[in-house]
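For ligands, and for the atoms within them, numbers begin at 1 and follow the listed sequence.
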Amino acid sequence: MSTYENAQRILEESGKISGINQEIVEILKYPQRIINVFIPIKMDNGKTKIFEGYRVQHNNARGPYKGGIRFHENTDLDEVKSLALWMTIKCAVAGIPLGGGKGGITVNPKNLSDGEKERLTRSFVRAIADCIGPDKDVPAPDVNTTSQIMDWFADEFGSPAVVTGKPVGKGGSLGRDTATAQGGFYILNEMIGNEKKRIVIQGFGNAGYHFARLCFDAGHTIVAVSDSQGGIYNASGLNPNEILERKNTGSVIGFKNTKTITNEELLETDCDVLIPSALENQITEKNAEKIKAKIILELANGPITPNADRILWNRDVEVVPDVLANSGGVIVSYFEWLQNKSGESWNLEKVQGELKNTIIPAYKSMLAEKEINAVNMRTGAYVVALKRLAEKIKI
Ligand code: NAD
């Protein structure tokens, strides 16, 4: 089953439990619009290369489409459609007035110079410019897309409010870079209180690194982290700030006093809390039985397949779903958009306070549906979202 078919399946199952009109579920099973572009770029060697890009606008019943742009060599339409659908659900669970969209370009940005990356970003903006805008569709960063890329994006379009995740000082919001991790961390604290946990983190980028740092500062033990090259393990704990210095030279692999492990081994490492913060489909029916963690908080989008979800549910593993766990990113993107539109600049305390005041009520709404319907957290979150979407779609 493709990732998108999996996404549709969860929607259908939650739709039945939510009691909303099935025609609304049917509407939400499909994106409203798909934009597929082919972008010619003059490479540094003088040759022209064509890149394929997508923007999927899933649903705007609750507000302008919102969602990141991903640069990855495996990005395809199926992936971008799934990510767009999840954004619609995510914004509705968070209770923010935005819809769901996502974009991507099939490219490995590590093979591009800065100049090539800038030309690719600017050409992509020109290719989709008719379909985006501050009140239409507002992209953001995702895998391999940085605040610098968002700045080129805003500059090419000619308005800061067309995109979020910009550098602070160029219309970006304080706290946006750490927001995804921060939101997930607020939820984890709500679940575990003052207990100290052993934590494993897959992916050491924006989401994974900041989450590791927050856990380390709070006194938890980070026993393993990884990136696309593989993972490192030390039962007595790792300092994410020291690892970041090492990572700047390439990979986390080879960090002092650590054992090198594969990403597969990392997921099965003995720990209390597992944080997938890399890519989709990492925990499947092949490894779900072997996961030792009792809590999995999905900072990545779609890291667990539906079959694996069922196995984990039967094994009493608590899974905080992506549509809630990583919603801190889009919540603070929403704050950035509000600041751009009103000309305000919020301080960090206000951003983080408002983030907590948004994500914790979302978590509690999810818990209420989970308990009423005796379902897992993912279905609880979808039921919250579907009821909110149904109200708007009906109107
Ligand atoms: P990033 O590009 O900053 O980092 C990605 C990390 O994953 C890197 O360390 C990379 O080496 C690692 N990685 C890539 N392939 C891997 C593999 N096969 N195995 C293990 N690690 C691998 O991206 P990010 O912004 O941190 O996004 C990570 C995940 O979080 C994605 O699923 C993204 O959709 C999700 N997310 C991000 C945000 C955000 O604000 N950045 C918001 C919501 C969700």
Side-chain angles (χ1 to χ4, degrees), residues 3 66-75 79-80 82-87 89-91 93-94 100-104 107-110 139-150 163-166 172-173 175-184 187 200-213 224-232 240 243-244 246-248 250-253 261-267 274-283 287 297-304 320-336 355 359:
T3 303
K66 185 86 193 81
I69 307 261
R70 175 175 290 200
F71 284 3
H72 196 275
E73 73 247 54
N74 297 333
T75 287
E79 176 183 75
V80 181
S82 312
L83 290 161
L85 187 158
W86 295 330
M87 285 306 297
I89 301 295
K90 195 177 299 182
C91 292
V93 180
K102 201 83 182 187
V107 58
N108 181 351
K110 288 185 187 136
D142 192 68
V143 173
N144 291 328
T145 46
T146 56
S147 56
Q148 170 66 78
I149 291 175
M150 297 305 114
V163 74
T164 57
K166 298 176 293 295
S173 175
R176 174 62 186 87
D177 53 344
T178 56
T180 303
Q182 187 75 57
I187 293 177
V200 165
I201 301 177
Q202 185 194 36
F204 202 67
N206 175 294
Y209 160 69
H210 285 295
F211 197 85
R213 186 182 52 76
V225 300
S226 71
D227 58 28
S228 57
Q229 314 286 306
I232 52 174
I243 299 169
L244 186 68
R246 152 108 208 155
K247 179 152 175 31
N248 289 337
S251 166
V252 300
I253 304 268
I261 55 176
T262 63
N263 262 299
E264 292 71 37
E265 288 167 331
L266 174 122
L267 294 170
L274 174 63
I275 313 288
S277 45
L279 294 171
E280 300 89 72
N281 302 328
Q282 300 298 302
I283 303 176
N287 59 357
L297 189 130
E298 296 182 321
L299 281 193
N301 285 304
I304 302 179
V320 188
D322 47 10
V323 290
L324 177 67
N326 69 32
S327 62
V330 75
I331 292 170
V332 176
S333 272
Y334 168 55
F335 299 159
E336 181 175 329
L355 168 58
I359 205 164

May I ask you to check whether Ala278 has an N/O atom sitting below 3.5 Å from an N/O atom of ligand 1? yes
Min N/O separation His72 to ligand 1 under 3.5 Å: no
Below 4.0 Å, non-hydrogen atoms only: which portion of Leu299 touches ligand 1? Side chain, backbone, both or neither. backbone
Please check if any side-chain donor atom of Asn206 sits under 3.5 Å from a side-chain acceptor atom of Asp177, or the reverse. no
Check each of Gly231, Ser226, Ser228 against atom 22 (C) of ligand 1 and report the one with the nearest heavy atom. Ser228
Which distance, rounded to the nearest 0.5 Å, do you find between the CD1 of Ile275 and the CD of Glu298? 10.5 Å
Return yes when Pro141 approaches ligand 1 closer than 4.0 angstrom through a heavy atom, no otherwise. no
Short list, please: which atoms of ligand 1 are under 4.0 Å from a heavy atom of Asn144? 2 (O)
Hey, are Ser251 and Asp227 close enough side-chain-wise for a donor-acceptor pair under 3.5 Å? yes
Proximal atoms of ligand 1 relative to Gln202 (non-hydrogen, under 4.0 Å): 19 (N), 20 (C)
Interatomic distance, Lys110 atom NZ to Phe71 atom CZ [nearest 0.5 angstrom]: 14.0 Å
Taking Gln202 for its side chain and Val225 for its backbone only, find out whether a donor-acceptor pair lies under 3.5 Å. no
Value rounded to 0.5 Å, distance of CH2 in Trp86 from CG in Asn326: 10.0 Å
Working to the nearest 0.5 angstrom, can you tell me the gap between Asn74 CG and Asn108 CG? 9.0 Å
Ligand-residue contact atoms, ligand 1 with Arg176, heavy atoms, under 4.0 Å: 40 (O)
Among the heavy atoms of Arg70, does any lie under 4.0 Å from an atom of ligand 1? yes
N/O to N/O below 3.5 Å, does that happen between Asn301 and ligand 1? yes
Taking N or O atoms only and a 3.5 Å limit, does Lys90 qualify as a polar contact for ligand 1? no
Polar atom proximity, Val143 to ligand 1 (N or O, under 3.5 Å): no
If only side-chain N and O atoms count, and only distance matters, is there a donor-acceptor pair under 3.5 Å linking Glu79 with Thr75? yes
Location of contacts on Ser327 toward ligand 1, heavy atoms closer than 4.0 Å: neither
Side chains of Arg176 and Thr164, donor plus acceptor under 3.5 Å: no
Which one of Leu279, Asp227, Thr145 has a non-hydrogen atom at the shortest distance from atom 21 (N) of ligand 1? Asp227
Can you list the atoms of ligand 1 that are under 4.0 Å from a heavy atom of Ala207? 26 (O)
State whether the shortest distance between N or O atoms of Phe204 and N or O atoms of ligand 1 falls below 3.5 angstrom. yes
Those residues that, when tested against Lys66, pass salt bridge (charged side-chain N to carboxylate O under 4.0 Å, His left out) (two or more places apart): none
Those residues at least two apart in sequence (or on a different chain) that pass salt bridge (charged side-chain N to carboxylate O under 4.0 Å, His left out) with Asp142 are Arg70, Lys102
Counting from 1, what ligand 1 atoms have a heavy atom of Asn263 closer than 4.0 Å? 19 (N), 20 (C)
